[in-house]
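Every chain is numbered from 1 and lettered A, B, ... according to where its sequence line falls, protein lines coming before strand lines.
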Amino acid sequence: MNTRRDIEFSEEQQQLLEIAENFCRDKSPVAAVRTQIEVEDGFDTGIWKEMADLGWLGIAIPEEFGGSGLGMGEVVTIAEPLGRNLLATPFEATTLAAQLILDAGTDAQKSDWLPRIAEGSITALALSEEHGDWDLNHVTCEAVKNGDTLTLSGTKTLVTDAKRAEIILASVKLGGKTALVLIDRSALADSALTRETVIDETRRSFRISLDGVSVPAANVLNAAKTQSALARHHKLSCLLLSAEACGGTAACLNETLEYLTTRRQFDRFIGSYQSLKHTAVDILTGMEAARSFLYHAATVIEEEDGETAVRMAKAQSSEIFSWAGDRAIQFHGGFGFTYECDAQLYRRRAMWNTNQHGDAVYHRKRLAELLLD
Amino acid sequence: MNTRRDIEFSEEQQQLLEIAENFCRDKSPVAAVRTQIEVEDGFDTGIWKEMADLGWLGIAIPEEFGGSGLGMGEVVTIAEPLGRNLLATPFEATTLAAQLILDAGTDAQKSDWLPRIAEGSITALALSEEHGDWDLNHVTCEAVKNGDTLTLSGTKTLVTDAKRAEIILASVKLGGKTALVLIDRSALADSALTRETVIDETRRSFRISLDGVSVPAANVLNAAKTQSALARHHKLSCLLLSAEACGGTAACLNETLEYLTTRRQFDRFIGSYQSLKHTAVDILTGMEAARSFLYHAATVIEEEDGETAVRMAKAQSSEIFSWAGDRAIQFHGGFGFTYECDAQLYRRRAMWNTNQHGDAVYHRKRLAELLLD
Amino acid sequence: MSETLPDIEAFTEEVRDWVTKNKPGKQDFLLPQSFMEVGTDQQFEFLRDWQNKVYEAGYLGMSWPKEYGGRSMPQEYQDIASRELARQKTPFMVNTIGLNWAGPLILHMGSEEQKKAFIKKILSCEEIWCQGFSEPDHGSDLGNAQLKAERDGKDFICNGSKIWTSLGTYAKHMILLARTDPNTNSKYEGLTFFLNPMDIEGVDPVPIKKMTGEYGFCQTYFDNARISEDCIIGKEGEGWQVAMTTLMFERGATGGQAGGHSMMSTTIEEVIDLAKRTDRDGACSTEDPLIRDELVKLIMTSRAMGLNAARARIPALVSERPASIPMSGKLLGSEYAKKLGEVATSLQGANASYYVGDDNAIDGGRWPRGYLNAFSATIGGGTSQIQKNIIGERVLGLPKPPRTN
Amino acid sequence: MSETLPDIEAFTEEVRDWVTKNKPGKQDFLLPQSFMEVGTDQQFEFLRDWQNKVYEAGYLGMSWPKEYGGRSMPQEYQDIASRELARQKTPFMVNTIGLNWAGPLILHMGSEEQKKAFIKKILSCEEIWCQGFSEPDHGSDLGNAQLKAERDGKDFICNGSKIWTSLGTYAKHMILLARTDPNTNSKYEGLTFFLNPMDIEGVDPVPIKKMTGEYGFCQTYFDNARISEDCIIGKEGEGWQVAMTTLMFERGATGGQAGGHSMMSTTIEEVIDLAKRTDRDGACSTEDPLIRDELVKLIMTSRAMGLNAARARIPALVSERPASIPMSGKLLGSEYAKKLGEVATSLQGANASYYVGDDNAIDGGRWPRGYLNAFSATIGGGTSQIQKNIIGERVLGLPKPPRTN
């Protein structure tokens with residue numbers, strides 16, 4: 001009869017959050033972020049290795065496959081600080097790929113691939129296509145089976161960190177149904193990858209041509225489990241995007257507050273003007289709501305109410321992160337309009353974040369179906 | 001090739017507007033409005049007679065029927081000041097009823113009824129029913145024809161000024177189709193009328209039972225013209241409601257500004273605080289937009305673009321009037337919460353106004369059909 | 001009983017049973033939704049009896065000390081009881097100022113005599129309390145209180161008036177902020193906080209008509225009213241600090257309140273239910289995509305407040321700004337309640353124009369009335385605008401506007 | 001020609017034909033949308049040539065005096081030409097500061113020499129103008145300009161820097177607000193307004209990278225730059241009044257500008273067109289009810305601005321606050337433009353993340369870039385927040401905050 005608390009947060013999560021916060025603060029001050037923007041790979045492989053060594057890539061992978069057997073609630077405690085410090089790594093994609101394999105992989109696939117991921121093999125997700133639709137079943141790439149070999153064709157887009165990835169998990173149509181295929185990066189020629197120019201300059205995004213690529217037929221994930229795995233993938237993606245957005249909003253708000261409390265105009269600190277002060281409060285309360293949704297979603301993500309919870313988190317966090325970034329630019333005045341001002345980093349990140357896996361309007365539409373029908 | 005101006009405003013309109021503004025200011029200061037709230041009829045019959053003597057009831061009635069043969073653009077110049085001074089009279093309903101008769105009446109009906117209206121016979125519109133739907137064809141009242149007589153049944157709601165009306169124009173189903181019937185008020189027993197309690201206390205609204213009421217069959221308006229007359233009625237109603245809302249918003253804003261420039265808190269005039277000042281500016285710009293839509297709609301109301309124009313006017317004016325009233329209460333602080341503060345008069349009027357003939361969301365939906373499909 | 005605490009589960013069940021058995025049925029008059037809306041004797045007496053019944057059953061002031069009328073139990077038990085009373089939509093506790101402001105204040109800093117004299121009667125509803133902070137010309141600016149209290153021997157002679165004294169005509173006591181020294185450097189000095197008896201000569205509460213058309217507030221006039229210095233709580237001249245302490249109880253930043261819910265809040269579930277009973281454009285309102293979006297936004301706001309409260313209980317998840325959630329509650333809750341009333345009203349098409357008193361009014365006209373009444377919370381206790389100043393300054397550390405004098 | 005004015009209809013047709021025949025075709029580079037976005041020489045030269053062509057054809061500065069290079073015709077003709085240039089989406093007039101600020105100012109209060117020297121070359125685009133009002137530390141607070149100009153005989157020695165000087169590297173002249181007397185009672189005194197040559201020693205415009213990743217502004221450093229007193233416009237020490245006059249031209253409250261459009265504004269029609277080319281939830285975006293509502297709101301905002309302008313021409317319909325519509329134009333237009341970019345971007349689903357330079361970017365990435373660039377107008381020339389102060393104070397008569405010093 002005890003009422004279940006809406007948010008649970010274990011000792012373990014608390015420790016992880018603290019560690020991750022300190023790690024990200026140390027490794028990714030904004031100057032480092034700007035350096036990585038200029039660097040080809042877009043992230044520091046040394047940092048990636050440290051993350052792997054900390055066991056972060058295996059957090060939600062069962063112990064039998066080399067992970068620590070925790071859950072997505074623990075992953076969130078890493079993703080939020082990463083977002084806060086704009087530390088763009090393949091962490092999210094790699095983690096999500098592992099979950100797809102866990103959900104739909106055959107025993108052999110799990111044994112073969114999960115330990116590699118847990119150790120830090122960068123994994124890229126190739127699920128998007130040129131149409132830009134958020135529906136994971138809207139897939140036009142194809143796979144044709146020929147004996148033990150699959151021959152692939154078509155183009156995947158917005159594949160982050162594909163160049164440095166060791167594994168690529170792609171969606172294709174196989175016999176008319178959406179299938180997930182594991183591709184060893186070495187099966188792709190370098191020329192199959194084209195770097196994309198995206199709004200969030202901390203990202204390294206690629207378009208991948210699958211034309212003529214062959215993979216062993218054994219690399220297809222279990223067809224019977226693919227749909228449920230994709231559904232869970234959508235939820236988990238939204239969860240991590242929400243975590244990233246919550247972290248990003250917090251940093252963006254702090255950056256703005258710093259300016260509002262030091263910049264003077266008309267002989268007053270500009271933060272004393274209500275038009276700025278009250279908006280900052282609106283962002284604060286919006287962010288608090290987003291973070292409450294986030295940790296609630298992290299608590300119930302694997303339960304029946306998980307979908308509702310995570311859609312709320314994504315809707316709220318997308319909207320507030322975008323707004324916080326927008327106001328950060330505006331409130332920095334002329335300086336906000338320059339590349340030098342960090343406000344743009346957050347606003348650009350928010351655009352990327354919002355445009356992944358559905359924006360606020362999209363998720364509210366789904367929520368209406370869940371809650372009103 | 002000369003570009004037609006989007007808003008036209010004749011010398012005649014200008015004069016009418018001036019006269020009406022002065023008239024309403026003189027006759028309906030807010031103290032008089034509060035007096036009328038306490039009075040049974042809810043309006044001053046002396047003022048009504050003066051309005052009739054000024055020829056206002058016949059403005060849009062052709063000269064052959066005793067009017068002055070002007071158009072709805074001229075009526076708007078009366079309706080806006082009436083709204084501004086919360087002068088609740090049967091002006092709008094009477095004017096709109098005349099237009100329905102003009103549009104769908106037989107020659108005999110026009111000759112019989114229009115001169116009476118032009119002279120000031122109060123006319124009530126009985127078009128609503130208990131379902132509260134804005135669709136004028138959603139009618140459940142019935143008329144059954146028996147020789148030269150129609151026998152009516154059912155209940156009409158939200159009939160303003162029915163008690164003092166000499167003529168009632170009601171919608172009923174006749175042979176399955178919506179029909180409009182002229183009812184001499186004397187055909188109704190007093191007991192058929194029940195006064196309604198409505199949010200806008202300046203209104204006198206009634207529920208009318210038509211059960212057992214008989215009227216001559218000759219009182220039915222031309223069936224072939226009824227649908228187009230109702231469509232035009234909807235547009236004209238929206239036009240006058242928009243005018244009323246624009247006037248009401250202007251008065252409400254001024255009332256608020258008066259407080260903001262005289263009330264001090266924390267040693268400052270409260271209007272110097274940006275949270276109040278900027279909101280007042282938002283109301284101003286929203287009101288300017290509403291008024292521009294209004295006079296554009298008044299210009300083109302009888303043309304092809306009239307529907308689009310008037311829906312924009314209604315959507316914008318409903319929304320801004322409601323918001324202006326809401327903020328007026330809030331910005332008056334504790335005083336705003338009292339019956340004594342005039343803010344509530346505007347807010348209540350805005351609720352009534354918005355809820356007639358479709359709110360902003362409703363009209364934007366129709367606009368989307370007009371503009372995007 | 002404070003030694004052998006009942007089992008939580010058993011207690012929860014006990015409360016649930018008691019409430020189910022004892023909650024009042026539907027009345028033939030429209031109940032007010034908070035103590036600020038009590039407009040008739042019938043409403044008042046009904047609510048007073050209900051609070052007394054809840055107290056007698058042991059479900060009010062449970063964490064307050066036993067010696068003054070409480071039960072000295074952990075707050076958790078009261079929370080369970082309060083939640084259950086709210087969940088079953090029982091009437092609110094009418095002695096709100098006593099339970100949530102005066103009581104906690106007296107327990108916090110009152111004298112032993114004051115505790116003995118007042119606390120139990122607050123809980124039992126024998127003595128109603130009202131508040132005398134706001135004045136007609138200084139709404140939100142409490143520091144500018146001008147009601148004069150001039151010392152005359154061991155008494156103070158009071159002149160002036162207070163406004164928004166809910167239950168003023170029923171109250172036995174008022175918590176009163178008055179100016180005992182008009183010649184101070186700062187307006188925040190020279191104020192004194194009294195526990196003022198309402199039945200003395202020269203104190204006259206006059207009901208004010210609200211914009212809803214109903215009653216619920218008074219303006220309380222002081223005409224040479226004589227108050228004893230024994231009525232002071234805190235120290236003479238330090239009334240501002242006492243008032244701030246009191247407001248902390250209200251703004252929910254700290255605990256100490258007696259429990260029991262103080263509002264019969266409208267819920268989003270009720271609005272959804274209403275939506276299902278209304279049509280838009282020839283179909284059920286809940287099929288309209290714009291209405292759906294609006295309802296989902298409201299559901300989210302509602303859930304966010306609940307989840308904020310849950311998160312606020314986990315220190316690691318509120319470490320950056322622990323005051324943020326507690327201090328925002330009043331702002332968010334009051335604006336949400338107003339929005340709820342507004343949306344609910346808008347669902348009713350032309351029928352939204354009916355008001356309380358009309359037979360055709362949907363749900364007796366509670367929705368438009370609810371919207372209007374909701375302003376009491378967006379205005380009272382510090383307007384939403386002032387709440388944002390406070391949050392901006394105290395939680396976000398943003399600067400105040402420069403002092404002008 | 002000023003004596004025998006052409007027939008309006010014939011003139012309208014003549015302009016239309018000319019524009020149709022002469023407007024430039026599509027370029028192989030993405031054109032900037034305003035003078036604040038000119039980032040490359042290629043863009044600049046193209047735009048300069050186009051303005052020159054329009055001027056030579058007689059469609060720029062038509063209402064300016066013949067003796068200085070204009071045509072002394074009624075404003076109506078210029079308006080027709082300007083509208084047609086905008087309607088056919090021709091490139092904007094790049095010498096914006098010259099045409100809209102410096103030119104009107106010089107005509108209004110310049111000396112005969114200044115008029116002769118500058119006006120024609122502004123129109124022909126032979127000499128580009130830039131503005132030097134804002135400073136790095138005093139963004140919106142023009143009255144606080146600190147760039148020092150110390151008198152030295154008949155010259156002034158200038159030190160300091162100005163920011164947001166668009167076209168700084170191309171400009172021949174700058175309208176410059178500098179502090180010639182640091183010891184005044186009010187910060188608004190002691191300022192002087194110069195028509196400052198950019199090619200003198202010690203003036204150094206350094207391009208600033210914008211958040212879009214492109215260039216378009218400079219910070220202009222003054223290092224012992226020597227300006228002659230002949231460059232003063234107005235009187236020494238009265239620069240504030242001159243600056244305010246100049247801003248009046250920008251804010252559109254008064255006329256006098258040379259005409260020709262200064263922005264290639266994004267239109268709602270383009271956004272609707274985009275919506276028709278994108279999908280949402282498996283159907284065309286224009287079928288999504290929420291998107292439809294958003295688009296209708298934008299159409300309404302767009303129409304309202306046009307209708308406001310039409311109404312502003314009818315004195316009887318703006319008699320209560322004649323300044324309201326003209327003074328709100330900048331606020332409404334700039335916020336609308338930003339919203340347009342934001343909504344347009346949001347229509348693109350996951351593809352909204354592509355940016356200028358990507359082959360997959362819809363319409364070359366103009367939408368997210370347009371959204372970001374739109375901040376130049378919500379920030380520049382007085383932020384939207386400051387615009388609201390100005391409208392609140394000057395149009396609504398609301399009090400300013402109390403002076404703090």
Side-chain angles (χ1 to χ4, degrees), chain B residues 1-3 5-9 11 13-15 17-18 77 250 253-254 257 260-261 267-274 276-296 299 308-309 311-312 315-316 360-361 363-373, chain D residues 8-10 12-13 16 80 83 268 272 275-276 285-287 289 291-297 299-301 303-321 324-325 327-329 331-332 335 384-385 387-393 395-402:
Chain B
M1 275 302 293
N2 225 330
T3 318
R5 286 215 167 169
D6 295 317
I7 298 178
E8 281 169 7
F9 200 64
E11 199 67 32
Q13 284 176 300
Q14 193 174 327
Q15 282 165 10
L17 179 61
E18 252 187 68
T77 64
L253 175 61
N254 284 351
L257 291 174
L260 298 188
T261 48
D267 300 319
R268 290 170 58 174
F269 288 111
I270 60 174
S272 70
Y273 289 105
Q274 284 184 332
L276 280 58
K277 183 183 288 179
H278 288 193
T279 306
V281 170
D282 292 339
I283 293 168
L284 172 73
T285 58
M287 177 181 85
E288 296 289 9
R291 202 162 185 241
S292 296
F293 284 132
L294 169 65
Y295 280 96
H296 172 58
T299 306
T308 299
R311 288 192 190 280
M312 287 189 180
Q316 178 73 17
V361 175
H363 285 288
R364 285 201 301 267
K365 190 168 171 185
R366 296 285 98 79
L367 284 164
E369 293 158 8
L370 290 165
L371 297 166
L372 299 174
D373 294 338
Chain D
I8 289 282
E9 276 192 36
T12 306
E13 206 147 339
R16 180 163 306 162
I80 290 168
R83 265 202 299 275
I268 177 63
I272 294 170
K276 289 184 173 158
S285 292
T286 55
E287 288 174 33
I291 291 176
R292 290 165 72 85
D293 194 58
E294 200 66 72
L295 292 175
V296 168
K297 283 181 189 166
I299 294 171
M300 285 179 63
T301 306
R303 290 218 185 167
M305 290 188 293
L307 293 170
N308 277 347
R311 182 157 65 84
R313 288 192 286 268
I314 301 168
L317 289 179
V318 290
S319 57
E320 193 168 8
R321 295 185 184 92
S324 174
I325 290 173
M327 291 193 72
S328 311
L331 170 69
L332 299 180
E335 292 292 338
S384 291
Q385 287 69 36
Q387 295 297 325
K388 287 192 184 180
N389 283 348
I390 293 172
I391 299 166
E393 288 156 21
V395 179
L396 294 179
L398 290 169
K400 290 176 183 252

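Using a 4.5 Å cut-off between heavy atoms, B:F293 contacts chain D through both its backbone and its side chain. Using a 4.5 Å cut-off between heavy atoms, B:L253 touches chain D through its side chain atoms alone. For B:L372, the parts lying under 4.5 angstrom from a heavy atom of chain D are both the backbone and the side chain. Using a 4.5 Å cut-off between heavy atoms, D:I272 contacts chain B through its side chain alone, with no backbone atom that close. Of the atoms belonging to D:Q385, heavy atoms from both backbone and side chain fall under 4.5 Å from chain B. Proximity to chain D (any heavy atom under 4.5 Å) is restricted, for B:L17, to the side chain, taken from C-beta onward. Both the backbone and the side chain of B:Q316 come within contact range of chain D, with heavy atoms under 4.5 Å apart. In this structure, chain B has a heavy atom under 4.5 Å from the side chain of D:L295, while its backbone stays farther away. Only the side chain of D:L332 comes within contact range of chain B, judged by heavy atoms closer than 4.5 Å.
Applying the salt bridge (charged side-chain N to carboxylate O under 4.0 Å, His left out) rule to B:R366 yields the partners B:E369, C:D281; only residues at least two apart in sequence or on another chain are considered.
For the options D:G397, D:S328, D:S324, D:A275, heavy-atom pairs under 4.5 Å to chain B are most numerous at D:S324. Put simply, of B:I270, B:L284, B:D282, B:T261, the one with the most heavy-atom pairs under 4.5 Å next to chain D is B:L284. Counting heavy-atom pairs under 4.5 Å between each of D:I391, D:L317, D:L331 and chain B puts D:L317 at the top.
Counting only heavy atoms from C-beta outward, the side chains of D:I299 and B:M312 approach each other to under 4.5 Å. Annotation: side chain of B:Q13 is not in contact with side chain of B:T299 (no heavy-atom distance under 4.5 Å). You'll find the side chain of D:K388 stays beyond 4.5 Å of the side chain of B:Q274, heavy atoms only.
Note on D:R311 versus B:E288: salt bridge recorded, some NZ/NE/NH1/NH2 to OD/OE distance being below 4.0 Å. Between B:D6 and D:R313 there is no salt bridge, since no side-chain N of the basic residue sits under 4.0 Å from a carboxylate O of the acidic one.
With values rounded to the nearest 0.5 angstrom, D:E393 atom CD is found 5.0 Å from D:K400 atom NZ. Separating the OG1 atom in B:T308 from the CZ atom in D:R303 is a distance of 6.0 Å, to the nearest 0.5 Å.
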